[in-house]
Number of protein chains: 2
Amino acid sequence: MTSALASDLSARSPETRFERQLAKILEHATAVFCEKGYENATMRDLSRASGLSLAGLYYYFESKEKLLYLIQKHYFTTVMGQLSERLKDVSDPEERVRTFIQNHLEYFVAHFKAYKVLSHEDDVLQDELGDEIFALKREYYHSCAGLVEALKREKGLKFNSRIAIMGLFGSINWLHTWYNPQVDGDAPSLARQIGDVFLRGIYATSART
Amino acid sequence: MTSALASDLSARSPETRFERQLAKILEHATAVFCEKGYENATMRDLSRASGLSLAGLYYYFESKEKLLYLIQKHYFTTVMGQLSERLKDVSDPEERVRTFIQNHLEYFVAHFKAYKVLSHEDDVLQDELGDEIFALKREYYHSCAGLVEALKREKGLKFNSRIAIMGLFGSINWLHTWYNPQVDGDAPSLARQIGDVFLRGIYATSART
DNA sequence: TCATACTGATCGAACGTTCGTTCCCTATTT
DNA sequence: AAATAGGGAACGAACGTTCGATCAGTATGA
């Protein structure tokens, strides 16, 4: 049960004490938001979970909303960065789509609490903060769409891209409601099976409007 | 923009005034919960939307939680009843799976606000109320699983049923985040395309654990 | 027929609680 | 000594809910 944020942000030494402590707070907050939901989680819950006083928390961020923003931004940015890294080594279009699926599943199975927060607290953030997170999500969607379009072009397939891709996103984003590692196996196995259904599905379909 | 609940419960004459008024309140509440989310929607919002005073609302139900329960129970029960009706006329296993998908999409495109409330306010209800809704959801899942298993048996297919079915549920439950009737077409067209991908997907896959 | 009694439906006003946030003060570190 | 980090106590606002009162109907009894 090692901490993702802590290992990302606090385990390495050159970081400041402030950043390390903030990372710990964000990690605890992620767990609380996951368990109770953003709206139902109170600042007093976060205080208890992080071992800081209520007032002490506000030394690290300016509002509960901003805290959620920091969490969402961190995980979205990280999973996208990891995807870019992985895609560097893959050139086959089908394999690139599989890499997307596998990266998504591996990352979010490894950070399952954060994954639930990102999925469930999808439209809580408003205004500038919300816009910024929305832009990240759109970028992530488009990176997937680009991979599918490339495959479609290479194989000369005909299908409605938007519906197919949204269907795929549905499959991999719905995981948080049912996934149980002991029943459903690890992330690579899951990614292969979901990838199989999706790829066979689009290979064989024909276009209609 | 005719009202589902009102046409279900209040348009016909033999119903009592109480039931008609409750149905209207439930319908307004569904719209408010859809727009603001259950936690963020206040009893004062519901009062404003339904044109009743805050206190007047409590003549019709005993708590905000119970109100959400009434909404969820109504829509789950109705979609399941409609599915049973439709399946009576269909015997071919593949066509029965397609009927499930089409029924689900048609019903929830027609009751889109309710659909968003059911999908998003998934785990809000607790204790007895939550158990009852959970049982309905499980029944709905099993009715789909039965159809897929029958098809699998008939065609001698090999794939992990749980993962395939959950993938399908993901595809059709994620709709609420992206579906736009003017871009994505009507429910039958959508159902056919999603059904195509899913069915071709499971026809061609082979089993592995 | 007309006063009386009762019911269903609705209201304004308030209740106690909990929320996110802030003020001001004290430790701790540098 | 100055800057950084944290805490105790309280704030106003908003929440879900409840209370007692009201008012339009309707049935009853003389």
Side-chain angles (χ1 to χ4, degrees), chain A residues 6 9-10 13-30 32-33 35-72 117 121 124-130, chain B residues 6 9-10 13-30 32-33 35-72 117 121 124-130:
Chain A
L9 295 179
S10 75
S13 35
E15 313 253 334
T16 67
R17 173 194 164 103
F18 179 90
E19 283 167 323
R20 263 179 283 130
Q21 182 77 340
L22 174 59
K24 277 186 194 164
I25 292 171
L26 259 54
E27 188 193 357
H28 286 126
T30 302
V32 173
F33 286 161
E35 196 167 338
K36 313 189 75 168
Y38 173 77
E39 306 290 352
N40 276 330
T42 71
M43 292 302 295
R44 285 156 183 85
D45 291 330
L46 301 177
S47 159
R48 214 171 301 120
S50 59
L52 252 68
S53 74
L54 198 50
L57 288 174
Y58 282 89
Y59 181 72
Y60 289 95
F61 50 86
E62 55 207 43
S63 70
K64 190 188 174 192
E65 207 181 359
K66 189 90 179 206
L67 178 60
L68 178 61
Y69 161 81
L70 288 173
I71 291 172
Q72 296 201 340
V117 173
E121 258 54 71
V124 173
L125 260 19
Q126 306 280 331
D127 305 325
E128 297 88 6
L129 260 35
Chain B
L9 296 180
S10 77
S13 35
E15 312 254 334
T16 67
R17 174 194 162 100
F18 179 89
E19 283 167 323
R20 264 179 283 129
Q21 182 78 343
L22 174 58
K24 277 186 194 164
I25 292 171
L26 258 53
E27 189 193 358
H28 286 127
T30 302
V32 174
F33 286 162
E35 197 166 336
K36 314 189 73 168
Y38 173 78
E39 308 289 354
N40 275 330
T42 71
M43 292 302 293
R44 285 156 184 85
D45 292 329
L46 301 177
S47 159
R48 216 170 300 122
S50 59
L52 253 69
S53 71
L54 199 50
L57 287 175
Y58 282 88
Y59 181 72
Y60 290 94
F61 50 86
E62 55 207 45
S63 69
K64 190 187 174 191
E65 207 181 0
K66 188 92 179 203
L67 177 61
L68 178 61
Y69 161 82
L70 288 172
I71 292 172
Q72 296 201 340
V117 173
E121 258 53 72
V124 173
L125 260 20
Q126 305 281 332
D127 306 325
E128 297 89 5
L129 261 35

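We name chains A, B, ... by the order of the sequence lines, and we start the count at 1 in each one. Small disclaimer: the values here were computed from a predicted structure and weren't measured.
The side chain of A:Tyr59 places an N or O atom within less than 4.0 Å of a non-bridging phosphate oxygen (OP1 or OP2) of D:dA5. Phosphate proximity of D:dT4 to A:Gln21: absent, as no side-chain N or O sits under 4.0 Å from OP1 or OP2.
If you take NZ of B:Lys64 and C1' of D:dC15, they are 9 Å apart, rounded to a whole angstrom. Atom CG of B:Asn40 and atom C1' of C:dG20 are 13 Å apart (whole Å). Rounded to an integer number of Å, the gap from B:Leu46 CG to C:dT10 P is 16 Å. What separates CD1 of B:Ile25 from C1' of C:dT10 is a distance of 11 Å, to the nearest Å. The interatomic distance linking A:Leu52 (CG) with D:dT4 (C1') rounds to 13 Å, in whole Å. Per the geometry, CD belonging to B:Glu39 stands 12 Å off C1' belonging to D:dG16, to the nearest Å. C:dC11 atom P lies 9 Å from atom CG of B:Leu57, rounded to whole Å.
Taken to the nearest 0.5 Å, the NE2 atom of B:His28 stands 12.0 Å off from the OG atom of B:Ser47. Taking NZ of A:Lys36 as the reference point, atom CG of A:Leu46 lies at 9.5 Å (rounded to 0.5 Å).
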Between N or O atoms, less than 3.5 Å apart, protein on one side and nucleotides 28-30 of chain C on the other: list the pairs.
none

Distances under 3.5 Å between protein N/O atoms and the N/O atoms of nucleotides 10-14 of chain D, please, pair by pair.
none

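Of the candidate nucleotides C:dT21, D:dG16, D:dG7, C:dT21 has the atom lying nearest to any side-chain atom of A:Tyr58. The side chain of A:Met43 has C:dT21 as its nearest neighbour among C:dC11, C:dT21, D:dT17.
Counting heavy atoms from C-beta on, the side chains of B:Ile71 and B:Glu121 never come closer than 4.5 Å. Contact annotation: the side chain of A:Asp45 approaches that of A:Arg48 to within less than 4.5 Å [non-hydrogen atoms, C-beta and beyond].
Note on B:Tyr60: only backbone sugar-phosphate atoms sit closer than 4.0 angstrom, heavy atoms only; bases stay farther off.
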